[in-house]
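When a ligand or atom number is given, it counts from 1 through the structure's own listing order.
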Amino acid sequence: MRLYSTKNKTSFFSLEEAVMKGLPDDNGLFMPAGIEKLNKSFFVSLESMTFKEISYEVSKHLIGDSLEDHTIKRIIDNAINFPAPIVALDDHTFVLELFHGPSMAFKDFGARFMAQLMGHYNEYQNTTLTILVATSGDTGGAVAAGFYNTPGVEVVILYPSGKVSDIQEKQLTTLGKNITALEIEGTFDDCQAMVKQAFLDLDIREKIRLSSANSINIARLIPQSFYYFEAYKQLPTKENDVVFSIPSGNFGNLTAGVFAKEMGLPVKHFLAATNANDVIPTYLESGEFIPKASVRTMSNAMDVGNPSNFGRLKNIYSGLGSTWNNMRMDIKGFRFSDAYTRAAIKEVDALYDYTIDPHGAIGYLAYRQYQSYIKNSQGIILETAHPAKFLSDVEEALNKKINIPESLCAVLDKKKEAVLLSTSFENFKSWLLQNK
Ligand SMILES: *Cc1c(COP(=O)(O)O)cnc(C)c1O
């Protein structure tokens, strides 16, 4: 796989460079150069393939020229080791459960695949690689679990004290071994600023080999395309047009879906389902992309005011004609308030006896609205997190207790271990230099 920067299509990078750097120096985003269609034979045998086999074939297609087959196989075996089942709500509506991994959100797919790839590239280095991550909640847990026990890799996670949920905090602070959590007395933005400054600091760079587990690393998007094929495979009939409804924030998940379509998956439309942070639905209506400050909602993993993957989407749709028109042919925008989200959680429970989380609920609403004006489709709603991760909001909407999976109960019983630090960069720097 060759990659270019969205800001400069004329110079190319290897997969290794793109994964280990995270971001190109020109502040663009790494993009695969030319995604080709999978062979007909892949689609013919899709129904008889396991999720791992599908993931392996799609990986080979995308990155088979960068890595040996046995390496790809090992990465898939270690990263994609939990299922992605679809559950039917009715004959035309399916929920794709992406929460069966260790942190119980879809980010496990991307984080685990990225961790395996970085671990592979790091294998023959004789100094430790230190990964710095700032998290506002979900990413940290997925990254921590992904890198857990990877030889030669240390992970330092910065999270804002008192601003992540109990479950999220426990997922960050109870692993131990090569994972260290720093509890910062500040906001997520403070954490992110400290990480950025560390990358620029010459004393740190001289002593510690650093890398970031940035959310826009291309290694996180590649595995997110696998489950679109896996979901399609499981549909009982392929006769109706297939629509994916995608609760979105930074639009990584939706971009990975578009990669799957470029590889030949027959998708009629993607639904860009957002909460009040509706920069992309607004762009799809007006043609103008206007980032704005994010507002807090119940579906907080989608509270993004300047979606970072918009640059990638613009690149994909910039072929012939207007980018805006091209994008609107494939992607339909929807937005819903918290009041609608609560009502949808109740409706899905009452009509289908299924507990959906606030993010999935927005995907559900988008598909129902889509059906009101386009007939004869079947919709697959991406359920991006387990409802128990948003326990109080879901229980409040339903006015009853919900089941908490055993693995979540187990993590809640563990003892938190974190280093409390102020937002002072100098303190953080001396901690890093002494401890890593
Ligand atoms: C991160 C996240 C999203 C948003 O995904 P993007 O790829 O950033 O659009 C949606 N739901 C949940 C639960 C998430 O953690």
Side-chain angles (χ1 to χ4, degrees), residues 29 84 95-114 133-146 164-165 167-168 171-172 188 213-225 227-228 244-260 270-281 283 294 297-313 331 333-336 341 344-345 355-366 381-391 393-394 408:
L29 296 165
V95 175
L96 171 59
E97 295 185 341
L98 297 175
F99 55 67
H100 294 281
S103 80
M104 311 201 103
F106 82 89
K107 292 193 174 67
D108 281 322
F109 288 97
R112 295 176 77 72
F113 188 87
M114 175 178 63
V133 209
T135 184
S136 57
D138 268 351
T139 303
V143 168
V164 301
S165 75
I167 288 172
Q168 287 171 331
Q171 286 179 334
L172 299 174
F188 168 65
N214 205 296
S215 67
I216 50 196
N217 195 304
I218 189 69
R220 292 179 52 161
L221 292 193
I222 293 169
Q224 285 174 223
S225 67
Y227 46 70
Y228 286 88
F244 282 96
S245 184
I246 307 163
S248 294
N250 267 322
F251 282 76
N253 228 351
L254 198 146
T255 305
V258 178
F259 287 171
F270 295 100
L271 311 188
T274 75
N275 56 33
N277 298 282
D278 60 352
V279 171
I280 288 196
Y283 166 79
S294 64
T297 74
M298 205 178 151
S299 45
N300 58 38
M302 313 191 325
D303 294 348
V304 178
N306 187 3
S308 51
N309 282 292
F310 182 68
R312 287 196 170 113
L313 287 172
I331 306 175
F334 299 85
R335 61 174 73 71
F336 298 95
T341 309
I345 294 172
T355 310
I356 203 159
D357 98 294
H359 304 80
I362 288 190
Y364 170 81
L365 287 164
I381 298 156
L382 272 55
E383 172 59 321
T384 48
H386 193 286
K389 281 196 95 170
F390 303 92
L391 197 61
D393 280 336
V394 173
L408 276 189

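Contact atoms of ligand 1 toward M302: 10 (C) (distance under 4.0 Å to a heavy atom of the residue). Applying the 4.0 Å criterion to heavy atoms of P247 picks out, from ligand 1, the atoms 10 (C). Each of the atoms 13 (C) of ligand 1 lies under 4.0 Å from some heavy atom of A385. Atoms of ligand 1 lying under 4.0 Å from at least one heavy atom of N253, given by number and element, are 7 (O).
Protein heavy atom at the shortest distance from atom 2 (C) of ligand 1 is K107 NZ, 2.4 Å. In terms of protein heavy-atom proximity, atom 11 (N) of ligand 1 is nearest to T384 OG1, 2.8 Å. The protein non-hydrogen atom at the shortest distance from atom 3 (C) of ligand 1 is F106 CE2, 3.6 Å. Scanning the protein for heavy atoms near atom 4 (C) of ligand 1, the closest one is G249 N, 3.6 Å.
Judged by distance alone, the side chain of K107 and the main-chain N or O of G140 form no donor-acceptor pair under 3.5 Å. With S245 contributing its side chain and I381 its backbone, the two residues share no donor-acceptor pair below 3.5 Å. Here the side chain of S248 pairs no donor or acceptor atom with the backbone of F251 at under 3.5 angstrom.
Of the N or O atoms in N250, one or more lie within a sub-3.5 Å distance of an N or O in ligand 1. The shortest N or O to N or O distance between H359 and ligand 1 is not below 3.5 Å. For ligand 1, none of its N or O atoms has an N or O atom of S248 under 3.5 Å away. The shortest N or O to N or O distance between F251 and ligand 1 is under 3.5 Å. For ligand 1, one of its N or O atoms has an N or O atom of G252 under 3.5 Å away.
With a 4.5 Å cut-off on side-chain heavy atoms, D357 and E383 count as touching. A heavy-atom distance below 4.5 Å is found between the side chains of R220 and V143. The side-chain heavy atoms of F244 and V258, taken from C-beta on, include no pair separated by under 4.5 Å.
Under 3.5 Å, the side chains of N250 and N309 contain no donor-acceptor pair of N or O atoms.
The two residues L221 and R312 have their closest heavy-atom pair at CD1-NH1, 3.6 Å.
In this structure, the ring of Y227 has its center no less than 6.0 angstrom from the ring center of F106.
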